[in-house]
Amino acid sequence: MRILIDTNVLADLLLGRNPYYDIAFDILTMCADKKVYGYIAAHSIPNLFYILRKSMVPAILPNEFLDKYV
């Protein structure tokens with residue numbers, strides 16, 4: 001069976017978002033065990049990067065960046 005894995009499923013897993021983490025883990029485990037073939041859309045990669053970056057790294061304002069690194 002082939003399934004299309006939504007960006008939110010990956011984000012739930014990577015960010016540990018409840019109550020969906022366990023379900024996302026089960027889906028990816030089935031893919032790893034080759035019980036199903038999981039696919040993601042090409043646009044999911046930059047979307048996931050954006051979500052993870054916003055969730056994990058505090059934003060640095062341009063002036064703060066310049067003051068700190070220049």
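Note that the structure is predicted; figures quoted are calculated from it, not measured.
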Can you give each donor-acceptor pair under 3.5 Å made by side-chain atoms of residues 21-31, sequence neighbours left out, with the distance rounded to 0.1 Å?
from  : atom 1 : to    : atom 2 : distance (Å)
Thr29 : OG1    : Phe25 : O      : 2.7

- request: Output all residues satisfying side-chain contact (heavy atoms from CB on, under 4.5 Å) with Tyr37, sequence neighbours left out; order by chain, then residue number.
  value: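 Scan of Tyr37 (side-chain contact (heavy atoms from CB on, under 4.5 Å), adjacent residues dropped) gives Arg2, Tyr39.
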message: So, using side-chain contact (heavy atoms from CB on, under 4.5 Å) as the criterion, who are the partners of Thr7 when residues are at least two apart?
response: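 Testing Thr7 for side-chain contact (heavy atoms from CB on, under 4.5 Å), a comparison that skips the adjacent residues, returns Ser44, Asn47, Leu48, Ile51.
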task: Using atom types as modelled and distance alone, determine if a side-chain donor or acceptor of Asp33 lies under 3.5 Å from a backbone N or O of Lys35.
output: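 Such a contact is absent between Asp33 side chain and Lys35 backbone.
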- prompt: Is Leu13 reachable from Leu15 through a run of I, L, V, M, F, W or Y residues, each pair having side-chain heavy atoms under 4.5 Å apart?
  reply: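 The answer is yes; both residues are in one hydrophobic cluster.
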field: Name of the residue among Ile40, Val36, Val9 meeting side-chain contact (heavy atoms from CB on, under 4.5 Å) with Ile3
entry: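 Among the candidates, only Val36 passes.
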task: May I have all residue pairs that pass salt bridge (Lys or Arg N to Asp or Glu O under 4.0 Å) and include part of residues 11-20, sequence neighbours excluded?
output: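 Residue pairs with at least one partner in residues 11-20: Asp12-Arg17.
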